[in-house]
Amino acid sequence: MSQDVKQPLDNFKHVSLFWTDLLHLMSGKPIALTSVGPMRNWANDMKKIMTEAIDAYEDIIEFNQRLTEYYKQLSETWLEAQKKVNAKMPSIPQDSESLEAYKRIWIDIFENDFTGLFDSEKFALNYGKLVSSELEITKHWENMLNVMLNSARLPTRKEIDEVYKELHELRKRVKKLERREKQDEK
């Protein structure tokens with residue numbers, strides 16, 4: 001990430017964490033006095049959610065930069081290919097087959113130019129970082145969702161996945177037992 005973006009981001013993170021800590025301390029005391037209710041858990045988990053949101057913000061900036069570069073590469077390639085097509089157009093005779101000839105030229109040039117783009121190292125590096133930053137954002141959102149679900153005493157994705165896994169294993173065992181019983185009956 002460039003230095004001109006990094007400095008304000010660090011300041012934003014510092015100020016946000018300061019206020020989150022302050023709100024957590026202020027809201028935690030009255031809520032801590034009560035011994036029941038989901039609000040106590042929610043107040044305790046609020047700092048986790050805010051920290052995760054601040055970390056996600058940095059990844060969103062990275063994602064937007066990569067997405068901008070991705071579309072810039074695509075549009076530049078499109079414009080170059082279209083210029084090449086337009087340059088060849090005057091050499092195509094203006095008869096009934098000119099439309100077909102235009103389509104063939106257009107397809108050939110665009111196919112070659114976009115294949116060249118997709119094979120380039122610059123495109124591959126940017127696309128890899130784009131996907132990576134998208135996965136990081138997804139991870140942050142999942143973490144925030146898990147904190148909220150846990151705070152509301154609802155099962156998290158991990159817990160539901162474990163239940164599905166156990167259910168799958170049980171079904172396999174039942175089918176295995178059913179097969180054995182059928183073989184024993186014969």
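The first residue of the sequence shown is numbered 1, and numbering continues consecutively from there.
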Whether the side chain of [X] engages the backbone of [Y] through a donor-acceptor N/O pair (distance < 3.5 Å, no angle test) should be reported.
| X | Y | result |
| --- | --- | --- |
| Glu159 | Thr156 | yes |
| Ser132 | Lys129 | no |
| Asn112 | Asp108 | yes |

Looking at every non-hydrogen atom in both residues, tell me the closest pair between [X] and [Y] and how far apart they are.
| X | Y | result |
| --- | --- | --- |
| Glu62 | Ser133 | CG-CB, 3.8 Å |
| Ile160 | Pro155 | CG1-CB, 4.0 Å |
| Val147 | Ile49 | CG1-CG1, 3.6 Å |

**Study point:** Sidechain N-carboxylate O distance under 4.0 Å for Lys139, Glu142
**Key:** no
Practice item. Answer yes or no: is there an ion pair linking Glu178 with Lys182, defined by an N-O contact shorter than 4.0 Å? Key: no
Can [Y] be reached from [X] by stepping across I, L, V, M, F, W or Y side chains whose heavy atoms are under 4.5 Å apart?
| X | Y | answer |
| --- | --- | --- |
| Val131 | Leu125 | no |
| Ile107 | Trp78 | yes |
| Phe123 | Leu67 | yes |

Any side-chain heavy-atom pair of [X] and [Y] under 4.5 Å:
| X | Y | value |
| --- | --- | --- |
| Lys103 | Glu100 | yes |
| Asp161 | Arg157 | yes |
| Lys176 | Arg180 | yes |
| Ile109 | Lys88 | yes |

Point to revise | Within 6.0 angstrom of Glu121 CD, more than 12 heavy atoms from elsewhere | key: no
Check your understanding: Do the side-chain N and O atoms of Gln82 and Asn86 include a donor-acceptor pair separated by under 3.5 angstrom?
Key -> yes
Tell me which donor-acceptor pairs under 3.5 Å the side chains of residues 70-77 have, and how far apart each pair is, sequence neighbours excluded?
| unit_1 | atom_1 | unit_2 | atom_2 | d |
| --- | --- | --- | --- | --- |
| Gln73 | NE2 | Glu69 | OE2 | 3.4 |
| Ser75 | OG | Tyr71 | O | 3.1 |
| Ser75 | OG | Lys72 | O | 3.1 |
| Thr77 | OG1 | Gln73 | O | 2.8 |

Check your understanding: Do the ring planes of Trp106 and Phe110 sit parallel (below 30°), tilted (30 to 60°) or perpendicular (above 60°)?
Key -> parallel
